[in-house]
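Keep in mind that the numbers below use all heavy atoms, side chains included, and drop hydrogens, waters and symmetry copies. These numbers come from a predicted model, not from an experiment. Every chain is numbered from 1, with letters handed out A, B, ... down the list of sequences.
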Protein chains: 2
Amino acid sequence: MAVTIRDVARQARVSVSTVSRALSAPGLVKEATRQRVLEVVRGLGYEPNRAARSLITGRTGNLGIVVPDLENPFYPAVLRGVQSRAHEAGCAVFFCDSRVAAEDALVRTMAAQVDGVVLCASLLDDDQVAELADTTPMVLLNRTLPGVSSVLMDSASGMAQVVEHLAELGHTDRVYLGGPEQSWSHRRRLVGLADRARRLGPFEPTFDGGVEGARQALSTGATAIIAYNDLMALGVLSHLSTRGIRVPEDISVTGFDNILYAAMCHPPLTTVAMPTEEAGRVAVDLLVDRLAGGPAECRELPTRLVPRASTGKAPMFS
Amino acid sequence: MAVTIRDVARQARVSVSTVSRALSAPGLVKEATRQRVLEVVRGLGYEPNRAARSLITGRTGNLGIVVPDLENPFYPAVLRGVQSRAHEAGCAVFFCDSRVAAEDALVRTMAAQVDGVVLCASLLDDDQVAELADTTPMVLLNRTLPGVSSVLMDSASGMAQVVEHLAELGHTDRVYLGGPEQSWSHRRRLVGLADRARRLGPFEPTFDGGVEGARQALSTGATAIIAYNDLMALGVLSHLSTRGIRVPEDISVTGFDNILYAAMCHPPLTTVAMPTEEAGRVAVDLLVDRLAGGPAECRELPTRLVPRASTGKAPMFS
DNA sequence: CTGAAAGCGCTAACAT
DNA sequence: ATGTTAGCGCTTTCAG
């Protein structure tokens with residue numbers, strides 16, 4: 001059997017409540033006793049039983065995060081931010097990839113054992129999200145819903161920067177390969193795009209989706225392809241290379257997210273940097289605030305264009 | 001207040017113990033009563049309180065996994081396998097990236113709230129791992145320790161295949177850019193390498209580590225660079241490209257892991273495919289067996305060479 | 001097959 | 001400032 005609060009109390013010659021207080025309400029016990037207790041705690045290697053504690057407090061000390069696709073490097077980056085901040089806040093984090101099961105089922109399962117959850121780029125409809133948010137404290141990432149905290153990355157501005165960049169290079173015929181239609185990020189990118197590019201899609205926001213998008217884009221004769229995200233842009237690059245089309249001489253390509261590989265591919269990808277890790281940290285902050293009884297809050301983080309070699313002057317432009 | 005077992009008992013006109021049994025020991029209660037209870041459970045939306053349950057059983061129904069670097073796509077793949085299998089087994093999974101805090105501290109923290117942990121590619125020394133394994137049921141991934149379950153990917157054979165492939169292409173001067181010296185995978189790769197390549201390193205198993213490795217490799221005059229993993233190989237490719245060195249015409253390059261980007265880079269990378277997702281699933285299987293009182297078990301999964309365009313005939317070889 | 005009762009380890013009134 | 005005590009919601013003997 002593990003060492004319990006009673007063992008500590010006995011050895012420190014105090015009552016269990018004093019031990020409890022020494023540990024979780026330092027102000028309520030005399031410094032000398034507290035030290036004595038702490039010493040015994042260390043000596044015995046006592047670790048409070050979380051189950052017992054939660055049974056009373058109703059708190060688990062855990063946070064949950066649900067992401068749509070861990071294999072998109074965007075999410076590990078977010079997760080890293082979440083985890084480091086959660087760690088600072090003394091919380092452990094449960095994690096789920098929603099390809100494993102339905103998003104709402106996952107959140108519900110999680111809700112039972114965490115104090116709150118970070119829901120990333122949810123594709124659920126508003127009613128479903130609202131229902132979940134009603135059950136458990138929640139912060140949304142790249143998604144909004146009235147009354148629910150959220151952390152947003154400014155996709156509209158990012159996309160506007162992309163279009164402007166392309167325009168400056170002389171591209172007049174631009175095509176956008178869209179992501180999932182329910183996606184908030186996709187819709188915000190459309191806002192930034194306005195009517196400054198044709199639209200194709202929706203496509204899967206993956207490498208293969210990009211390959212398919214490139215195929216379709218080629219038949220439009222556009223000189224610039226704007227992909228929904230970097231993963232797709234990588235697929236676009238790959239397809240163009242297969243077809244012997246040069247980037248950026250023949251066609252310019254842009255992505256979104258600035259994942260690690262955007263800098264490593266050939267040619268390096270012009271893209272929009274997203275404050276992923278920061279977003280993860282802010283999400284936890286908002287969640288913690290919420291748990292402490294604060295109000296729902298919405299925070300938008302800036303994005304910025306990262307020009308690289310996949311964009312160049314439009315052909316025949318001087 | 002949430003609905004408790006007592007509410008169910010009252011409404012189903014049975015005792016709490018009957019409800020408890022109906023839920024977790026179906027054999028011990030008459031089918032008719034069980035149905036009645038289940039109906040009330042559904043009607044009330046009753047969900048047993050996990051804290052209360054674990055307080056008694058000592059089980060949490062949770063698994064933990066610690067990985068060294070979530071941003072290496074190798075680990076999300078493992079994580080995916082772990083999660084899908086855990087989900088089937090009715091377990092939720094806690095996750096930690098050991099860049100957030102010291103590995104052993106993380107495992108210890110986790111141990112308090114999971115039934116067992118999967119420890120990936122640990123760099124701790126044997127004593128430390130042994131101590132942890134003593135505290136909590138554990139399965140090691142790509143690491144061995146007597147008496148502890150483990151899932152291994154056959155790095156030695158994979159590396160032997162790489163060297164053989166290079167030899168067939170006429171490369172006689174090969175150089176290996178090593179990974180972390182404490183890494184089991186690294187040491188197994190050395191075994192597969194035997195004395196068939198010079199050795200450089202250790203390097204960080206990252207893109208930047210690869211860049212540095214390439215720099216050093218160039219001064220050796222070798223015609224083939226064998227990187228510890230794909231991330232490094234990507235760095236090698238990048239550095240060579242910067243220096244105007246052609247791959248594979250001037251130098252051949254190989255990686256290890258077959259991450260998604262190995263197929264997407266330029267030129268596509270010859271590498272060794274690792275059964276990552278499978279390994280994650282097997283790890284959970286072994287852990288579950290262990291929790292059920294089974295013996296420690298060791299499973300080695302095969303790897304295989306994936307030849308792509310980054311390797312070619314040695315210069316001057318015909 | 002079912003019920004009564006005793007806790008699991010801890011926190012939070014309530015006393016002192 | 002510290003001790004006493006009553007549970008938190010559940011499982012699990014032990015009786016019947």
K.L.:
Quick one: list whatever passes side-chain hydrogen bond (donor to acceptor under 3.5 Å, both in side chains) with B:Ser155, sequence neighbours left out.
P.N.:
B:Arg189
K.L.:
Among C:dG9, C:dC8, C:dA12, which nucleotide sits nearest the side chain of A:Asn49?
P.N.:
C:dG9
K.L.:
What is the distance, to the nearest angstrom, from the CD atom on B:Gln113 to the P atom on C:dG9?
P.N.:
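Computing the B:Gln113:CD to C:dG9:P distance gives 17 Å.
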K.L.:
Between the main-chain N or O of B:Met153 and the side-chain N or O of B:Asn142, is there a donor-acceptor pair closer than 3.5 Å?
P.N.:
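Yes; at least one donor-acceptor contact below 3.5 Å.
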K.L.:
Measure OH/B:Tyr46 against P/D:dT11 and give the value in whole Å, please.
P.N.:
6 Å
K.L.:
Taking only residues two or more places apart in sequence or in another chain, which ones pass side-chain hydrogen bond (donor to acceptor under 3.5 Å, both in side chains) with A:Glu181?
P.N.:
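Here no residue qualifies.
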K.L.:
Partners of A:Arg53 by side-chain contact (heavy atoms from CB on, under 4.5 Å), sequence neighbours excluded?
P.N.:
A:Pro48, A:Thr57
K.L.:
What is the separation between atom CG on B:Leu55 and atom P on D:dG9, rounded to the nearest whole Å?
P.N.:
12 Å
K.L.:
Taking CD from A:Gln35 and C1' from D:dA1, how many angstroms apart are they, rounded to a whole number?
P.N.:
16 Å
K.L.:
Report the distance from atom CG of A:Leu44 to atom C1' of C:dG9, rounded to the nearest whole Å.
P.N.:
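Value for this atom pair: 15 Å.
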K.L.:
Nearest whole angstrom, please: distance from the P of C:dC10 to the CD of A:Glu47.
P.N.:
10 Å
K.L.:
Let me know which of B:Asp104, B:Asp134, B:Leu145 forms a side-chain contact (heavy atoms from CB on, under 4.5 Å) with B:Val129.
P.N.:
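Filter result, single survivor: B:Leu145.
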K.L.:
Could you go through residues 287-302 of chain A and list every donor-acceptor pair under 3.5 Å that involves a side-chain atom there, pairing it with any protein atom two or more places apart or in another chain?
P.N.:
unit_1, atom_1, unit_2, atom_2, d
A:Arg290, NE, A:Gly294, O, 3.1
A:Glu297, OE2, A:Arg299, NH1, 3.0

K.L.:
Write out a two-atom table: protein N or O, nucleotide N or O from nucleotides 2-4 of chain D, distance below 3.5 Å.
P.N.:
unit_1, atom_1, unit_2, atom_2, d
D:dT2, OP1, A:Thr33, OG1, 3.0
D:dT2, OP2, A:Lys30, N, 2.8
D:dT2, OP2, A:Thr33, OG1, 3.0
D:dG3, OP2, A:Ser15, N, 2.6
D:dG3, OP2, A:Ser15, OG, 3.1
D:dG3, OP2, A:Thr18, OG1, 2.8
D:dG3, N7, A:Arg21, NH2, 2.8
D:dG3, O6, A:Arg21, NH1, 3.2
D:dT4, O4, A:Ser17, OG, 2.8

K.L.:
Pairs in or reaching into residues 35-88 of chain A: which pass ring-ring contact (aromatic ring centres under 6.0 Å, His included), with residues at least two apart or in two chains?
P.N.:
none
K.L.:
Among residues at least two apart in sequence or on other chains, which ones pass side-chain hydrogen bond (donor to acceptor under 3.5 Å, both in side chains) with B:Asp97?
P.N.:
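B:Asp97 satisfies side-chain hydrogen bond (donor to acceptor under 3.5 Å, both in side chains) with B:Arg99 once adjacent residues are dropped.
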K.L.:
Take the protein atom CZ of A:Arg53 and the nucleotide atom C1' of C:dG9, then report the distance between them rounded to whole Å.
P.N.:
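In whole Å, C:dG9 C1' lies 11 Å from A:Arg53 CZ.
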K.L.:
Would you work out how much the helix from C:dC1-D:dG16 to C:dT16-D:dA1 bends between its ends, with each end axis defined by five base pairs, to 10 degrees?
P.N.:
30°
K.L.:
For the side chain of A:Thr4, starting at C-beta, report the closest nucleotide among C:dC10, D:dT12, D:dC10.
P.N.:
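Ranking C:dC10, D:dT12, D:dC10 by closest atom to the A:Thr4 side chain puts C:dC10 first.
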K.L.:
Quick one: side-chain contact (heavy atoms from CB on, under 4.5 Å) partners of A:Val37, sequence neighbours excluded?
P.N.:
A:Val8, A:Ala12, A:Val14, A:Val19, A:Ala22, A:Val41
K.L.:
In whole Å, I'd like the distance from the CZ atom of B:Arg50 to the C1' atom of C:dC8.
P.N.:
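Distance, rounded to whole Å: 17 Å.
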